[in-house]
A.B. asks: 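Please find one structure pasted underneath; my questions will follow.
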Amino acid sequence: MSTQNTRTQSSAGVALWDEGHHGHDVISTRTFGFWLYMLSDAMIFATLFAAYAVLASHTAGGPAAQDIVHPWYAFGETVLVFSSVLAFGFSVTALKAASRGGVIGWMAVALLLGAGFLGMEIHEFAGLAMQGIVPARSAFLSSYWVLVLTHGLHMAFGLIWMLVMMYQVARYGFSTDVVARLLSLKYFWFFQAVMWVCVFTVIYLHGAI
Amino acid sequence: MSDSHDHENPVQHPEVQLASRAGYVAGFILTLGLMFTSLELVTHHVWAPFKLMVATSAAALVAVILQSYLLFRLDLSKAQRWNTFALIIMIPLFVLIIALTWWMFQSLGARTMIHGMGM
Amino acid sequence: MLVHLQGPWSPLWGRLSLSEVPYHNMIVVGAFAFAIVLGAAIVGAVTYAGKWGYLWREWLTTVDHKKIGVMYILLGLVMLFRGFVDALMMRTQQMMAAGPHAAGFLGALHGYLPPSHFDQIYSAHGTIMIILAVTPILVGLMNIVVPLQVGARDMAYPYLNAVGLWLTAMAAALVMLSLFLGDFSHAGWVGLAPLTELPYSPNVGVDYWMWAIQISSVGTTLGSINLIATIVKMRAPGMTWGRLPIFTWTSLSTNIIALSSFPVLAVALFLLSFDRYLGTHFFTPGLGGDLMLYTNLFWIWGHPEVYFVVLPAFGIISEIVPTFSEKPLFGYITMVIASMAIAGVSWSVWLHHFFTMGEGPAVSLYFSVATMLVGIPTGVKVFNWAFTMYRARIRYDVPMLWAIGALALLLTGGLTGMMLAIPAINYTVHNSVFVVAHFHNMFLLIAFAAMGGINYWWPKVFGYKLDEKTGRLVFWYWVAGTIVVFVPMYTLGFMGMTRRLDYVAHPSWLPLLQLEEAGIALYCLALYYQLKQIYVSIRDRAANRVGADAWGTSRSLEWMTLSPVPFYNFAVTPVVHARDEWAWRREHGYTNLRPSRYVDIHMPRNTAVPLVIGALSFALGFGLIWRIWWLTALSLVGIVVAMIIRAGDTDTGYVIAAADVERMEKQADLRAQTVPGGRTGQPIRAVP
């Protein structure tokens with residue numbers, strides 16, 4: 001960083017202005033901001049869980065959680081989310097080795113696994129809708145659909161982001177902007193695994209108890 | 001402030017260098033194992049519902065802590081300390097809004113006798 | 001999945017039809033004519049002066065934090081005016097509609113506003129004043145001051161900063177549009193559930209309210225991320241946490257509140273919109289919906305929001321009081337702890353907004369005690385300001401007057417707040433105008449501090465001071481108006497008058513209502529002098545130019561750069577040595593602002609993308625409100641595409657060569673030499 005001799009000094013030798021100051025660390029400033037965004041996103045989930053805690057028993061004579069959750073099916077989704085996150089982790093280790101092919105290849109794997117998760121989730125909810133188990137049926141179902149699908153929406157957004165980043169890595173290589181975005185996407189994608197742990201436990205496991 | 005600047009190679013940035021293949025693999029295996037254990041406990045109804053609820057919640061908590069450490073690599077190092085600090089500030093808020101909401105609606109339900117009836 | 005609507009709908013126009021234009025309402029037509037005349041005058045003036053290019057280049061596409069801050073404040077002031085007109089209409093209606101024999105005009109049984117119109121006015125008044133007036137003014141001040149106080153070139157994310165501004169502006173535009181197309185919510189600014197549900201509010205009013213808040217809160221959340229990152233990551237060398245100015249500290253705590261609380265509001269409103277659009281049952285009276293859940297979620301955001309607006313106000317007072325007391329702030333560390341404690345406790349008090357819900361005594365006790373705890377850090381702050389002023393040589397400049405006025409309001413507002421924290425009292429005065437008087441008291445404290453802040457930092461941004469004489473008149477008329485409106489309102493609250501009355505059943509309350517109307521007249525005078533102050537100040541700006549240190553006794557970093565601040569803030573990044581760096585340099589005689597050499601400066605390039613995203617958000621909100629699905633889908637896709645295009649833009653910054661910086665600084669230097677105090681601030685007065 002800056003040293004004393006690049007600074008304007010007073011007659012008494014006190015440094016007043018720092019001509020050698022390079023400004024801030026762009027990458028860590030960007031990822032920190034994204035981290036803050038994710039904390040606020042986590043608050044969205046916390047609020048949805050609070051609403052679910054209040055409404056879970058308000059079934060209004062309709063199906064309750066025990067009637068509609070399938071923990072084993074949801075565990076399949078868990079495997080897909082976790083392995084997609086693992087693949088993305090390998091993509092980040094490829095970044096460490098500055099391998100474009102590694103980053104893009106592993107990200108493609110993460111993308112496919114994430115798409116597999118979304119496919120399973122869409123299948124699950126389409127099945128519910130076919131049986132008339134729709135959000136308009138009861139307060140419990142409203143909060144069930146909204147909480148689980150909010151996570152799904154995040155997953156879908158992450159997939160679009162991955163497509164954009166695969167293009168950007170291929171096009172621009174590892175510029176400061178691209179690396180900062182890759183690190184942010186890493187946080188975003190890992191965060192979906194954290195949220196899935198909560199969704200899986202509270203909705204699918206507690207629901208089946 | 002960190003020592004990295006625009007003109008340096010972004011791949012050398014400390015946050016990129018945090019990536020760890022072993023950490024990610026360990027995180028995958030441990031969290032998946034925890035979730036599987038929870039699943040087994042629940043599907044075989046090993047314990048009474050309340051006990052199951054506590055056990056699975058505890059497993060989820062451990063899984064989240066493992067993820068914070070093994071995936072996000074949160075610690076007090078120079079590169080990560082602000083992320084860690086920001087998270088620590090937020091955690092009480094997550095707990096407060098869920099717990100206080102749950103508490104006040106339990107109390108409301110008990111006094112107005114509408115709890116569980118779905119009105 | 002979509003709900004069945006009452007009334008017509010077409011794929012192309014959604015719910016829009018010509019009958020939605022309220023041309024039969026004389027008041028709305030008058031407002032429309034006023035808006036058209038004013039708009040035409042502004043457009044005409046800009047065209048006549050040939051300033052469209054300037055406006056586009058220098059303002060609409062800017063990413064400069066000072067200009068964005070100025071636009072935030074301008075937006076806030078315009079909305080403050082709109083909110084004030086709403087207040088004037090409500091006061092007049094209540095005065096005219098007291099007692100069964102009160103005459104009726106313009107289609108109203110009593111007074112001149114039918115209930116449906118009156119209800120929209122109080123809903124709009126609250127929404128506008130809190131979300132679109134006070135918040136933008138404070139966000140604007142933070143935008144301008146925080147990067148300067150930490151010694152940064154700009155915010156951490158200049159582009160995101162502009163996005164936040166345009167989202168807020170578009171939310172304001174949606175609220176204004178509701179005047180002339182459709183209607184606004186009649187369910188109060190809090191959105192009283194289940195009144196906000198589709199069967200009880202079948203029109204678009206609630207949708208306007210809901211989506212305007214939603215869009216502006218995305219803007220506020222982005223702004224909070226930006227400010228936190230700026231404070232954490234962009235501090236100049238030597239600017240340690242122990243040297244951070246108090247305004248920056250309060251900005252930090254306030255934005256931590258915003259970051260954590262606005263998502264809760266977003267969820268509350270999204271769940272409501274699912275109820276209204278998809279027929280879910282979160283807050284409905286039937287099928288398991290729980291209307292108290294809405295109230296709960298709303299106030300989980302709502303109370304932290306109160307501290308979100310009050311903390312920057314405390315920060316402003318903490319900057320003004322030491323400057324005009326010519327002393328360092330008393331109790332810096334306790335001030336920091338108090339700011340953080342207020343933010344922390346704000347998360348455990350929200351139930352006091354609905355103590356009468358019917359929860360158990362233990363729950364009430366918890367929230368009551370937590371609410372009273374807020375009094376401790378707030379009290380610490382009051383004493384710190386008092387001790388700063390104690391035995392000081394106080395100068396009663398206009399900013400100081402506002403700060404002292406804010407202190408007085410904090411005392412009355414805070415003490416009535418303590419009364420309301422006691423459930424027994426709260427049960428008695430719940431929903432009365434006593435509560436209304438209390439929170440207006442608090443919001444006026446914030447408005448006073450904001451006015452002080454505008455007067456205080458105006459010379460830093462524009463290079464000349466606001467006129468003193470008219471400024472004093474604004475202050476005193478505002479004080480008089482506040483007393484004459486709100487003392488009777490507290491009294492009426494104790495007499496049992498409930499809020500939101502379009503008809504006042506007791507003619508015996510009439511004299512007090514008339515007194516309140518007189519107070520509104522005093523506010524009108526304050527408004528007149530406010531406009532005059534700005535006019536006179538701009539006219540006489542040459543006589544009121546200031547040097548770097550406009551007040552001569554300022555203490556923090558922002559007074560170490562030129563007035564007006566150059567777009568690159570500091571030619572060379574300052575090195576910080578003390579808590580009040582500028583005061584420290586003054587005491588040690590280091591008032592020469594010239595570095596030994598200049599260096600290249602990296603600056604972010606202007607961009608039109610934030611404006612485009614703002615316009616698309618407006619279209620998105622419009623499409624959702626009127627249920628025009630093609631427009632909704634199109635604008636949503638447009639926003640995503642704009643973000644992706646921006647992400648592909650690799651040319652987002654540029655460099656000002658050191659020689660150019662030197663040339664600009666030399667020019668500024670020549671200008672500054674014509675000003676008393678000039679380049680090194682005004683002559684320093686001895687500190688006793």
A.B. asks: Select one option (side chain, backbone, both, neither) describing which atoms of B:V16 are under 4.5 Å from chain A's heavy atoms.
C.D. replies: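 The answer is both parts of B:V16.
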
A.B. asks: Does A:W145 have any ring-ring contact (aromatic ring centres under 6.0 Å, His included) partners at least two apart in sequence or in another chain, and if so, which?
C.D. replies: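 Residues passing ring-ring contact (aromatic ring centres under 6.0 Å, His included) with A:W145: A:F125.
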
A.B. asks: Can B:I97 and A:M43 be said to form a side-chain contact (heavy atoms from CB on, under 4.5 Å), step by step?
C.D. replies: CA-CA 9 Å; B:I97 76 161; A:M43 193 51 96; 3.9 Å; yes

A.B. asks: To the nearest 0.5 Å, how far apart are OG1 in B:T43 and CH2 in A:W72?
C.D. replies: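 Output value for this atom pair is 5.5 Å.
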
A.B. asks: Rounded to the nearest 0.5 Å, what separates atom CE in A:M38 from atom CZ in B:F72?
C.D. replies: 4.5 Å

A.B. asks: Among B:L39, B:T101, B:V64, B:V11, which has the most heavy-atom pairs under 4.5 Å with chain A?
C.D. replies: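 With the most close heavy-atom pairs to chain A, the winner is B:L39.
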
A.B. asks: Which distance, rounded to the nearest 0.5 Å, do you find between the CZ of B:F85 and the CZ of A:F32?
C.D. replies: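 Rounded to the nearest 0.5 Å, the CZ-CZ separation comes out at 9.5 Å.
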
A.B. asks: If we define contacts as heavy-atom pairs under 4.5 Å, which of B:A63, B:S38, B:A59 has the most with chain A?
C.D. replies: B:S38

A.B. asks: Checking heavy atoms, do the side chain of B:L41, its backbone, both or neither come under 4.5 Å from chain A?
C.D. replies: neither

A.B. asks: For A:Y172, look at atom OH and say whether over 12 heavy atoms of other residues, nucleotides or ligands are found less than 6.0 Å away.
C.D. replies: yes

A.B. asks: For the residue pair B:P10 and A:S175, what are the closest heavy atoms and their distance?
C.D. replies: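 Reported closest heavy-atom pair: CG-C, 3.8 Å.
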
A.B. asks: Please report, to 0.1 Å, the donor-acceptor pairs under 3.5 Å made by any side chain of residues 112-120 of chain A, with sequence neighbours excluded.
C.D. replies:
none

A.B. asks: Can you tell which of A:A53, A:S83, A:A56, A:A139 has the highest number of heavy-atom pairs within less than 4.5 Å of chain B?
C.D. replies: A:S83

A.B. asks: Which heavy atom of B:M35 sits nearest a heavy atom of A:T78, and at what distance?
C.D. replies: CG-CG2, 4.2 Å

A.B. asks: So for B:V95, is it side chain, backbone, both, or neither that comes closer than 4.5 Å to the heavy atoms of chain A?
C.D. replies: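 For B:V95, neither part sits under 4.5 Å from chain A.
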
A.B. asks: Taking side chain as C-beta onward, heavy atoms only, is B:Q67 less than 4.5 Å from A:F82?
C.D. replies: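 Result yes, sub-4.5 Å side-chain heavy-atom pair found.
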
A.B. asks: If I measure from the heavy atoms of chain B, does A:L55 come under 4.5 Å with its side chain, its backbone, both, or neither?
C.D. replies: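 Neither; nothing under 4.5 Å.
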
A.B. asks: Quick one: CG on A:L182 to CD on B:E15, what's the gap to the nearest 0.5 Å?
C.D. replies: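 Reported value, rounded in 0.5 Å steps: 12.5 Å.
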
A.B. asks: Calculate, to the nearest 0.5 Å, the distance between atoms CH2 and CD1 belonging to B:W47 and A:I209 respectively.
C.D. replies: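 That separation rounds to 11.0 Å.
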
A.B. asks: Looking at B:A79, B:A99, B:A86, which has the largest count of heavy-atom pairs under 4.5 Å with chain A?
C.D. replies: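 Answer, by heavy-atom pair count under 4.5 Å with chain A: B:A86.
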
A.B. asks: Can you say whether B:L74 sits under 4.5 Å from chain A via the side chain, the backbone, both, or neither, judging by heavy atoms?
C.D. replies: side chain

A.B. asks: Can you say whether A:L183 sits under 4.5 Å from chain B via the side chain, the backbone, both, or neither, judging by heavy atoms?
C.D. replies: side chain

A.B. asks: Mind ranking A:V79, A:L86, A:V85, A:T47 by heavy-atom pairs under 4.5 Å with chain B and telling me who comes out on top?
C.D. replies: A:L86

A.B. asks: Answer with side chain, backbone, both or neither: which region of B:T56 has an atom nearer than 4.5 Å to a non-hydrogen atom of chain A?
C.D. replies: both

A.B. asks: To the nearest 0.5 Å, what is the distance between CZ (B:F94) and SG (A:C198)?
C.D. replies: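 It comes to 10.0 Å.
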
A.B. asks: So that I know where these two stand, are B:F28 and A:F90 an aromatic pair - ring centroids less than 6.0 Å apart?
C.D. replies: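 For B:F28 and A:F90, the ring centres are not under 6.0 Å apart.
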
A.B. asks: Under 4.5 Å from any heavy atom of chain A, what part of B:S57 do you find: side chain, backbone, both or neither?
C.D. replies: both

A.B. asks: Checking A:K96 against B:L18 for the side-chain contact (heavy atoms from CB on, under 4.5 Å) test, could you report, in this order, the C-alpha distance in whole Å, the side-chain angles of both residues, the deciding distance, and whether it holds?
C.D. replies: CA-CA 8 Å; A:K96 193 173 163 185; B:L18 281 173; over 6 Å; no

A.B. asks: Relative to chain A, which segment of B:Q17 carries a heavy atom at a distance below 4.5 Å: side chain, backbone, both, or neither?
C.D. replies: both

A.B. asks: Does any part of the side chain of B:L32, heavy atoms only, come nearer than 4.5 Å to the side chain of A:F75, both counted from C-beta?
C.D. replies: yes

A.B. asks: Output the option from B:Q12, B:M90, B:M53 having the highest count of non-hydrogen pairs under 4.5 Å with chain A.
C.D. replies: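 Among B:Q12, B:M90, B:M53, the one with the most close pairs to chain A is B:M53.
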
A.B. asks: Any donor-acceptor pair under 3.5 Å linking the side chain of A:W35 with the backbone of B:N83?
C.D. replies: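 Judged by distance alone, yes, a pair lies under 3.5 Å.
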
A.B. asks: Given that the side chain runs from C-beta out, which part of A:V179 has a heavy atom under 4.5 Å from chain B: side chain, backbone, both or neither?
C.D. replies: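 Answer is side chain: those atoms of A:V179 sit under 4.5 Å from chain B.
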
A.B. asks: What is the minimum heavy-atom distance between B:I98 and A:A46, and which atoms define it?
C.D. replies: CG1-O, 3.5 Å

A.B. asks: Can you say whether A:F191 sits under 4.5 Å from chain B via the side chain, the backbone, both, or neither, judging by heavy atoms?
C.D. replies: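 Backbone plus side chain of A:F191, per the 4.5 Å heavy-atom cut-off to chain B.
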
